[in-house]
Amino acid sequence: LRRKVGPLKHQKLAPKTRKKYCVAALRFLYYLKATYQRPTRSFEVFDSLICEYLEQLWAEGGTRNQGNDVCSAVTHYLKGRRKIPNAWELMRTWGKVELPQRAVPMPPWAALGLAGHAFSLSSPGLAAGYIIGFLGFLRVEELLWLTPTNLAFVSQHTVVCNLGFTKGGTRRGAKEL
C-alpha cells in the first residue's frame, strides 16, 4: 500500500489543492512577466511583489480565493512560512473588507416540493435524499455517497447519519456523524 501511495512528502497536499496552487503560481508568474518583474531570491522583495499582485487582483475584481491560493502556494512550495507577512496581512484585510458570498439557503417548502415530486415519480429514495440532505445540511457529494447503511434510526424521531470522512472530517482526521 505504501508503495502505491508514494512518499509522505507528496501526501501533504490533496491533488485538487496541488492543482489550485500550481494554477495560482502560474498566474502570478504571468503577472511578473507582464509587468516586467523578475523573480527574486529575497523574500522581502518577493513579499512586496505578491502585495502588488494582490492589489491588482483586488482592483480587477479577482476573488479572495485567488489571493489566498497565491499566498498558500508560495508558503508551501518555497517553504516561505512567515516570510511573506505583508501579503498575508493584505489577505486578512481583504477578508475583513469583503463579506463572503454565501449561497442562498433552500427554503423548506422547496425541499418538501422536490421530495413530493420525487415521491410522485415513484422514487422514494430520491425523496428521502432531499429531506435528509435538507435537514442534515449535507453537501451534494456527501448526499451522493449516502447509503442506507450510513443511517441509524435511534428512535422514532431521531436518525444518526454516519458520513464517514467528509471534507471537514478529513481536515480534522475524524469521521463525521
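Contact of the V23 side chain with the L26 side chain is not registered, since no non-hydrogen atoms from C-beta on lie closer than 4.5 Å. You'll find the side chain of F134 stays beyond 4.5 Å of the side chain of L114, heavy atoms only. Between C71 and L90, the closest side-chain pair of non-hydrogen atoms is not below 4.5 Å.
Cluster annotation: L143 is not connected to W145 through the hydrophobic network of ILVMFWY side chains, with a link wherever side-chain heavy atoms come within less than 4.5 Å. The hydrophobic clustering, which links ILVMFWY residues whose side-chain heavy atoms are closer than 4.5 Å, places F119 and L112 apart. Residues L146 and F153 are members of one and the same hydrophobic cluster, defined by side-chain heavy-atom contacts under 4.5 angstrom among Ile, Leu, Val, Met, Phe, Trp and Tyr. Placement of V97 and L54 within a single hydrophobic cluster is found when ILVMFWY residues are connected by side-chain heavy-atom separations under 4.5 Å, directly or transitively. Both L78 and V70 belong to a common hydrophobic cluster when Ile, Leu, Val, Met, Phe, Trp and Tyr are linked at side-chain heavy-atom distances under 4.5 angstrom.
Here the OG1 atom belonging to T35 is positioned 7.0 Å from the CD atom belonging to E52, to the nearest 0.5 angstrom. One distance of note links CD1 of I132 with CG of L135; it measures 8.5 Å at 0.5 Å rounding. L138 contributes atom CG, which lies 10.5 Å from atom CG of L144 (distance to the nearest 0.5 angstrom). L163 contributes atom CG, which lies 11.5 Å from atom CD of E141 (distance to the nearest 0.5 angstrom). Expressed to the nearest 0.5 Å, how far CD of Q66 lies from CG of N68 amounts to 10.5 Å.
M91 and R64 make their closest contact through CE-O, 3.4 Å (heavy atoms, listed as atom of the first residue, atom of the second, distance). Between A127 and A115, the closest heavy-atom pair is CB-O, 3.3 Å. The two residues Y77 and C22 have their closest heavy-atom pair at OH-SG, 3.8 Å. Residues P85 and K83 come closest through the heavy atom pair CD-C, 3.2 Å. Taking both residues in full, the closest heavy atoms of A111 and I131 are given as O-CD1, 4.4 Å, listed atom of the first, atom of the second, then distance.
Counting only residues at least two apart or in different chains, ring-ring contact (aromatic ring centres under 6.0 Å, His included) contacts with residues 28-52 comprise F28-F46, F28-Y53, Y31-Y53. Pairs engaging residues 85-95 under the side chain to side chain donor-acceptor pair (under 3.5 Å) rule: D47-N86, T75-W88, E89-R92, W94-E98 [sequence neighbours left out].
No side-chain donor from either of S72 and D69 sits under 3.5 Å from a side-chain acceptor of the other.
Counting heavy-atom neighbours within 6.0 Å of R18 CZ, excluding the residue itself, gives a total above 12. Atom CG of L8 has 12 or fewer heavy atoms from other residues, nucleotides or ligands within 6.0 Å. At most 12 non-hydrogen atoms from other residues, nucleotides or ligands lie less than 6.0 angstrom from NZ of K16.
Side chain of N150 to backbone of N162: a donor-acceptor contact under 3.5 angstrom is found.
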